[in-house]
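To keep things clear, I will list the structure first and then write my remarks on it.
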Amino acid sequence: MTDERNWAENLTYSARRLVRPRTSDELRDAVSGTGQIRVLGSRHCFNDIADTTGTLISLADMPHEVEVEGDTVRISGGVRYGDVAPELEKSGRALSNLASLPHISVAGAIATGTHGSGDRLGSLATAVRSVTLLTTSGEEKTISRGDDEFGGVPVHLGALGVVTSLVLDTEPTYRVAQYAYDGPRWEAILADYDAVTSLGDSVSIFTTWDDAKRADQLWVKTRAEDVDERIVAGLGARPADGPRHPIRGVDAAACNPQQGLVGPWFERLPHFRMDFTPSVGAELQSEFLVDRAHAPAAIDAVRQHAGRIAPLLHVCEIRSVAADDLWLSPSNGRDSVALHFTWHRDEARVREVLAVLEGALEQFDARPHWGKVFTRSGGEVASQYPRFDEFRELRARMDPSGRLANAYTRRLGV
């Protein structure tokens, strides 16, 4: 058995071995056979979604290919966003959205429905134009936007095959300014949530839930290079007097420039710089997405449990995600608001609080992020997705022998 662990080191994988193929032939050899397999990305998941009792396959040593082709970019399966972005910039192209970390693998982030922030910006998976998968039968299959089964492929939970390449939409490069503000009032935020998130292309509210009246910070990233200060003033927020880290008291050196300094899209949309490891040490993460229409009520429902949440919390981040039509996307069919929690690594106590938190959010049909810690049963989560049965059928066609199945997918009933 390996001693491989995930990014946060809260999980030791159950695999008998880890293989790191360097060529397509070596990858095919790793996939061939009869045992169970799963693919590792950058390991930035906090549950057992990537676990297996058989063989873990890492694509980190495979050739990193980034090919800009007109209004798209084709990338190989092991590439990270921080590798793609500078190459796009050299060609005058950009992605429309990025997550808070550029360190994560593109394929892994897309497979779990990971997102950035923005009223008009979908999850990272919405940029996918085609996916090429190496199936457990050894067949390489490309599924493209417009194909009948495409909706089930980008967010696939690692259950369909090994992603060998992706084609993503791009747009002309652009520049972004980032601003940080301290102490926006909850009363004003909840009175007009839409006004707050319209302040920029990407907006984040950070809170530790230890102040009933005020959130900690408001971050605004905008292509317009300025912010409607009247709205900011109405929130009772103050311009930060220096760089800020999302977590109170942590050095901001790992963060991308703020204070209105304009820079390339890929050096502003992520919170963190590629050349730093953005960690506060031992942590867990959870996230729940609710229909945007319920955002103020859902945020207030979380606030009612602030006393239980705050002692275990590093920080909570609240962001917007636009609706999409991908079958297993947490923002499928509805504009959404994501409530993200970075916890101290005390899993037993966190799970106790999560059970309370999930109960408070149940009335809002909150969908958990696939790669983070949640306590709801797999069947309950699967029932939140109208096309889950179609995904199950797609999985059976793509992996008829069930070699990609693991404890996580079995809990979901995939």
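The chain is numbered in sequence order, starting from 1. Quantities reported herein were computed from a predicted structural model and do not represent experimental measurements.
With hydrogens and angles left out, the side-chain atoms of Trp7 and Glu9 include no donor and acceptor closer than 3.5 Å. Side-chain contact, Arg93 with Thr170: a donor N or O sits under 3.5 Å from an acceptor N or O. A side-chain donor-acceptor contact under 3.5 Å links Asp119 and Ser320. Defined by atom type and a distance below 3.5 Å, a donor-acceptor pair is present between the side-chain atoms of Arg5 and Thr12. Using a 3.5 Å distance cut-off with no hydrogens or angles, the side chains of Ser383 and Glu380 do not pair a donor with an acceptor. For the residue pair Glu287 and Gln285, no side-chain donor N or O sits within less than 3.5 Å of a side-chain acceptor on the partner. Side-chain contact check for Thr207 and Arg214: no donor-acceptor pair (N or O, by modelled atom type) lies under 3.5 Å. Looking at Thr132 and Glu140, their side chains never bring a donor and an acceptor atom within 3.5 Å of each other. Side chain to side chain, Trp265 and Glu89 meet the donor-acceptor criterion of an N or O pair below 3.5 Å.
Note on residues 140-162: no pairs pass ring pair (Phe, Tyr, Trp, His ring centres under 6.0 Å), not counting sequence neighbours. Screening residues 35-46 for side chain to side chain donor-acceptor pair (under 3.5 Å) gives Glu4-Arg43 as the qualifying pairs, with residues at least two apart or on separate chains. Applying the side chain to side chain donor-acceptor pair (under 3.5 Å) test to pairs two or more places apart or on separate chains, none has a residue in residues 22-31. The stretch residues 77-130 participates, sequence neighbours left out, in no ring pair (Phe, Tyr, Trp, His ring centres under 6.0 Å) pair at all.
Between Trp343 and Phe341, the two ring planes are parallel [angle under 30°; tilted spans 30° to 60°]. Between His344 and His314, the ring-plane angle classifies as tilted under the 30° and 60° cut-offs.
When the shell of 6.0 Å around CZ of Arg17 is examined, it contains 12 or fewer heavy atoms from other residues, nucleotides or ligands.
A donor-acceptor pair under 3.5 Å is formed between the side chain of Glu358 and the backbone N or O of Arg376. Arg367 contributes a side-chain N or O that, together with a main-chain N or O of Gln384, makes up a donor-acceptor pair within less than 3.5 Å. Counting only distance, with no hydrogens or angles, the side chain of Asp335 and the backbone of Ala322 share no donor-acceptor pair below 3.5 Å. Side-chain atoms of Thr2 never come within 3.5 Å of backbone atoms of Leu18 as a donor-acceptor pair (strictly under, hydrogens ignored). Under a 3.5 Å cut-off, the side chain of Thr173 and the backbone N or O of Gly92 do not form any donor-acceptor pair. The main-chain N or O of Asp194 is found under 3.5 Å from a side-chain atom of Ser198 such that the two form a donor-acceptor pair. Checked by atom type and distance alone, the side chain of Asn332 never pairs as donor or acceptor with a backbone atom of Ser329 at under 3.5 Å. Asn6 places a side-chain N or O within donor-acceptor distance of the main-chain N or O of Leu11, the cut-off being under 3.5 Å. The main-chain N or O of Arg223 is found under 3.5 Å from a side-chain atom of Asp201 such that the two form a donor-acceptor pair. Between the side chain of Arg273 and the backbone N or O of Ala253, at least one donor-acceptor pair lies under 3.5 Å.
The aromatic ring centroids of Phe272 and His245 lie less than 6.0 Å from each other. Aromatic ring centroids of His369 and Phe46 lie 6.0 Å or more apart. The ring of Phe206 has its center closer than 6.0 angstrom to the ring center of Trp219.
The shortest heavy-atom contact between Trp209 and Leu313 is CD1-CD2, 3.6 Å. Minimum interatomic distance between Ala240 and Asp182 (heavy atoms only, all atoms of both residues): CA-OD2, 3.8 Å. Summarising the geometry of Leu95 relative to Glu171, their closest heavy-atom pair is C-OE2, 4.4 Å, with the distance given to 0.1 Å. For the pair Leu124 and Asn97, the tightest heavy-atom approach, listed with the atom from each and the gap, is CD2-O, 3.7 Å. Counting all heavy atoms, side chain and backbone alike, Arg392 lies closest to Val414 at CG-O, 3.8 Å. Here the closest non-hydrogen pair linking Ala298 and Phe364 is CA-CE1, 3.6 Å.
With respect to Lys221, the side chain to side chain contact (heavy atoms under 4.5 Å, CB included) criterion is satisfied by exactly one of Arg268, Gln258, His271: His271.
Annotation: salt bridge (Lys or Arg N to Asp or Glu O under 4.0 Å) contacts of Arg16 (sequence neighbours excluded): none. Residues satisfying the ring-ring contact (aromatic ring centres under 6.0 Å, His included) test with Tyr179, not counting sequence neighbours, are none.
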### Query
Can you list the steps and then say if Phe391 with Leu160 is a side chain to side chain contact (heavy atoms under 4.5 Å, CB included)?
CA-CA 10 Å; Phe391 179 79; Leu160 302 182; 4.2 Å; yes
